[in-house]
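Single-structure report; data block below.
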Amino acid sequence: MNYTPEMEKAMQQSHKIGYEEYERKLDKRIAVEKRRQREYEECKHMIAEIENKL
């Protein structure tokens, strides 16, 4: 995959690893994807709460 410097910077800021390491190490990739999934679920929950209050 070709990635841009902006993508690399975002990956470093969000997950503290670079794309090269993300692609090479399965355990790192799994940890990042689990974190992303958890954040996604938390955001869905927050949106549902906000919508219920409106």
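The structure displayed is predicted, hence computed values, not measured ones. Only this structure's heavy atoms are used, side chains among them; waters, hydrogens and symmetry mates stay out.
- Here the CD-NZ distance, from Gln12 to Lys16, works out to 9.0 Å after rounding to the nearest 0.5 Å.
- The two atoms that bring Met7 and Tyr19 nearest to each other are O-CE1, 3.3 Å, heavy atoms only.
- For the side chain to side chain contact (heavy atoms under 4.5 Å, CB included) with Val32, the lone residue among Arg36, Lys34, Arg29 that qualifies is Arg36.
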- prompt: What's the verdict on side-chain contact (heavy atoms from CB on, under 4.5 Å) for Tyr3 and Glu20, showing C-alpha distance, side-chain angles and the deciding distance?
  reply: CA-CA 10 Å; Tyr3 50 91; Glu20 257 186 61; 3.7 Å; yes
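- With no hydrogens or angles considered, no side-chain donor-acceptor pair links Glu33 and Gln37 at under 3.5 Å.
- Atoms CD1 and NE2, on Ile50 and His45 in that order, are 10.5 Å from each other to the nearest 0.5 Å.
- Under the 3.5 Å distance criterion, the side-chain polar atoms of Glu21 are left unmatched by any main-chain donor or acceptor of Lys28.
- Interatomic distance, Thr4 OG1 to Lys9 NZ, rounded to the nearest 0.5 Å: 11.0 Å.
- For the atom pair CD (Glu49) and CG (Leu54), the distance works out to 12.0 Å, reported to the nearest 0.5 Å.
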